[in-house]
Engineer: 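This is the structure I have questions about; it appears just below.
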Amino acid sequence: MTPVTNIEAIMRTSAVIPVLVIDDASTARPLAEALVRGGLKVLEVTLRTPAALDAIREMKQVTGAIVGAGTVVSTDQFAQVMDAGAEFIVSPGLTERLGSVIVESGVPFLPGVASAGDIMRGYDLGLRHFKFFPAETSGGLRALKALAAPFHEAKFCPTGGISPATAPDWLGFDPVLCVGGSWVTPKGASMDEIEQLARGAVALPR
């Protein structure tokens, strides 16, 4: 499969990007297969567990999956996830040092922002696509609408506390291209259940 090299194209692939915390790399490939069958091709594997790098490698074997790394907070981690085959990078915040290295690499990048200063820092790096994080505890949709107003070029993927019930409201705001969600992979769910949750996420209005 030809790599997707544009972060906007990745964000527009589906309404929801699953935010995945994987404890056991052996579950990664079946999980990716279930999500892709359900229509969710863009998968964010967070670096919150020791299994994350191996999980990225496993998910990369699944046809149709676009596998990225989330919770990337350092240049060392960036090098590690690139070695594992990550196709895009998501960070919880934005620093000039990390941002510069990723931007210079040309890898699609979605940094986290929660303030006007964060977005301006991104603009200085040439970025126009951001993760609004943590979405609900940063003031919710009302806050994002106020924050987005001065930055008419910016596009967002709100992540953090979003549910199937609230996702349509977020997706109804024009600068929002997609949302991040962990609800599609609840603990203890079977692969069939996850596939159905993915189908439900794909069907959300946007």
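These numbers come from the heavy atoms of this one structure, side chains and all, not from hydrogens, waters or symmetry mates. Bear in mind the structure is a predicted one, so any value in this text is a computation, not a measurement.
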Engineer: Tell me whether Val176 is reachable from Ile10 by hopping between hydrophobic residues (I, L, V, M, F, W, Y) whose side-chain heavy atoms are closer than 4.5 Å.
Structural biologist: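 Looking at the clustering, Val176 is in a separate group from Ile10.
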
Engineer: Which heavy atom of Ala25 sits nearest to which heavy atom of Ala55, and what is that distance?
Structural biologist: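 For Ala25 and Ala55, the tightest heavy-atom pair comes out as CB-N, 4.1 Å.
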
Engineer: Looking only at heavy atoms, what is the nearest atom pair of Ala148 and Phe156, with distance?
Structural biologist: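 Reported closest heavy-atom pair: CB-CE1, 3.8 Å.
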
Engineer: Test of understanding: with side chain to side chain donor-acceptor pair (under 3.5 Å), list the residues that count as partners of Glu8, not counting sequence neighbours.
Structural biologist: Arg12, His129

Engineer: Write down the atom of Val67, the atom of Val45, and the distance for their closest heavy-atom approach.
Structural biologist: CG1-CG2, 4.2 Å

Engineer: Minimum heavy-atom separation for Ala52 and Leu47, please, with both atom names.
Structural biologist: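 That closest heavy-atom pairing would be CB-CD2, 3.7 Å.
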
Engineer: Within a strict 4.5 Å, meaning less than it, do heavy atoms of the Ile102 and Thr75 side chains meet?
Structural biologist: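 No, every pair of side-chain atoms sits at 4.5 Å or beyond.
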
Engineer: Is there side-chain contact between Glu33 and Thr63, with at least one heavy-atom pair below 4.5 Å?
Structural biologist: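 SC-SC contact between Glu33 and Thr63 ruled out.
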
Engineer: If we only count heavy atoms from C-beta on, is the Ile22 to Glu58 side-chain gap below 4.5 Å?
Structural biologist: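 Answer no - side chains too far apart.
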
Engineer: Looking at residues at least two apart in the chain, or sitting in another chain, which of them share a side chain to side chain donor-acceptor pair (under 3.5 Å) with Arg57?
Structural biologist: Asp54

Engineer: Has Glu96 got more than 12 heavy atoms of other residues, nucleotides or ligands less than 6.0 Å from its CD?
Structural biologist: no

Engineer: Does Ala135 offer a backbone N or O that forms a donor-acceptor pair with the side chain of Ser138 under 3.5 Å?
Structural biologist: no

Engineer: Is the shortest heavy-atom distance from the side chain of Leu110 to the side chain of Cys157 under 4.5 Å?
Structural biologist: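 In short, these two side chains touch, coming nearer than 4.5 Å.
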
Engineer: Please tabulate, for side-chain N and O atoms in residues 181-191, each donor-acceptor pair with protein atoms closer than 3.5 Å (sequence neighbours left out).
Structural biologist:
| unit_1 | atom_1 | unit_2 | atom_2 | d |
| --- | --- | --- | --- | --- |
| Ser190 | OG | Glu193 | N | 3.1 |
| Ser190 | OG | Glu193 | OE1 | 3.4 |

Engineer: Using the test side chain to side chain donor-acceptor pair (under 3.5 Å), find all partners of Ser115 that sit at least two apart in sequence or belong to another chain.
Structural biologist: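 Counting only residues at least two positions away or on another chain, Ser115 forms a side chain to side chain donor-acceptor pair (under 3.5 Å) with Asp118.
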
Engineer: Following the transitive rule for hydrophobic clusters with a side-chain heavy-atom cut-off under 4.5 Å over Ile, Leu, Val, Met, Phe, Trp and Tyr, establish whether Val42 and Met82 coincide in one cluster.
Structural biologist: no

Engineer: Check for me, please, whether Met11 and Leu35 land in the same ILVMFWY cluster - side-chain distances under 4.5 Å, paths through other members count.
Structural biologist: no

Engineer: For residues Val72 and Val90, determine if any side-chain heavy atom of one lies less than 4.5 Å from a side-chain heavy atom of the other.
Structural biologist: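 The answer is no, as the side chains (C-beta and beyond) never meet within the 4.5 Å cut-off.
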
Engineer: Spell out, as yes or no, whether a donor-acceptor pair under 3.5 Å connects the side chain of Arg199 to the backbone of Gly39.
Structural biologist: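 No; judged by distance alone, with no hydrogens or angles, the pair does not exist.
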
Engineer: Quick check for you: to the nearest 0.5 Å, what is the distance between Glu44 atom CD and Lys131 atom NZ?
Structural biologist: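 Those atoms lie 5.5 Å apart.
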
Engineer: Look only at the side chain of Ser91 and the backbone of Val73, and say whether a donor-acceptor pair between them is shorter than 3.5 Å.
Structural biologist: no

Engineer: Once you round to the nearest 0.5 Å, how far does CZ of Arg121 lie from CZ of Phe130?
Structural biologist: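 That separation rounds to 10.5 Å.
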
Engineer: Hydrophobic clustering (ILVMFWY, side-chain heavy atoms < 4.5 Å, transitive) - are Val101 and Tyr123 grouped together?
Structural biologist: yes

Engineer: For a 4.5 angstrom cut-off between non-hydrogen side-chain atoms, does Pro158 reach Leu144?
Structural biologist: yes

Engineer: Got Thr46 and Leu20 here, is their nearest side-chain heavy-atom distance under 4.5 Å?
Structural biologist: no

Engineer: For Arg48, I'd like to know if atom CZ has over 12 heavy atoms of other residues, nucleotides or ligands within 6.0 Å.
Structural biologist: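 Not buried by this count: 12 neighbours or fewer within 6.0 Å.
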
Engineer: Which Ile, Leu, Val, Met, Phe, Trp or Tyr residues join Val36 in one cluster when any pair of side-chain heavy atoms under 4.5 Å counts as a link?
Structural biologist: Val62

Engineer: Nearest 0.5 Å please: distance from the SG atom of Cys178 over to the CG atom of Leu204.
Structural biologist: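 So the gap between those two atoms works out to 12.0 Å.
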
Engineer: I need the single residue from Thr71, Val107, Leu53 that forms a side-chain contact (heavy atoms from CB on, under 4.5 Å) with Val81. Which is it?
Structural biologist: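 The single option meeting the side-chain contact (heavy atoms from CB on, under 4.5 Å) with Val81 is Leu53.
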
Engineer: If you count every heavy atom of other residues, nucleotides or ligands that lies below 6.0 Å from Lys155 atom NZ, does the total exceed 12?
Structural biologist: yes

Engineer: Rounded to the nearest 0.5 Å, how far does CG of Leu94 lie from CG of Leu127?
Structural biologist: 6.5 Å

Engineer: Indicate the atoms forming the closest heavy-atom contact of Ala201 with Ala15, along with that distance.
Structural biologist: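 Minimum heavy-atom contact is O-CB, 4.1 Å.
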
Engineer: Can you tell if the side chain of Phe151 reaches within under 4.5 Å of the side chain of Pro175, non-hydrogen atoms only?
Structural biologist: no

Engineer: Could you state the interatomic distance from NZ (Lys145) to CG (Asp174), rounded to the nearest 0.5 Å?
Structural biologist: 11.0 Å

Engineer: How long is the span from the CD1 atom in Ile66 to the CG atom in Leu40, to the nearest 0.5 Å?
Structural biologist: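 Here the rounded value is 11.0 Å.
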
Engineer: Please report whether the ring centroid of Phe109 lies less than 6.0 Å from that of Phe88.
Structural biologist: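 Centroid separation for Phe88 and Phe109: 6.0 Å or greater.
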
Engineer: Apply side chain to side chain contact (heavy atoms under 4.5 Å, CB included) to Ser26 and list each qualifying residue two or more places apart in sequence or on a separate chain.
Structural biologist: Asp24

Engineer: Restricting to non-hydrogen atoms, name the atom on Trp170 and the atom on Glu136 that form the minimum distance, rounded to 0.1 Å.
Structural biologist: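 Closest pair (atom of Trp170, atom of Glu136, distance): NE1-OE2, 3.3 Å.
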
Engineer: Do Leu141 and Ile162 land in one hydrophobic cluster if side-chain heavy atoms of ILVMFWY residues count as linked below 4.5 Å?
Structural biologist: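 As far as the 4.5 Å side-chain criterion goes, Ile162 and Leu141 are connected within one cluster.
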
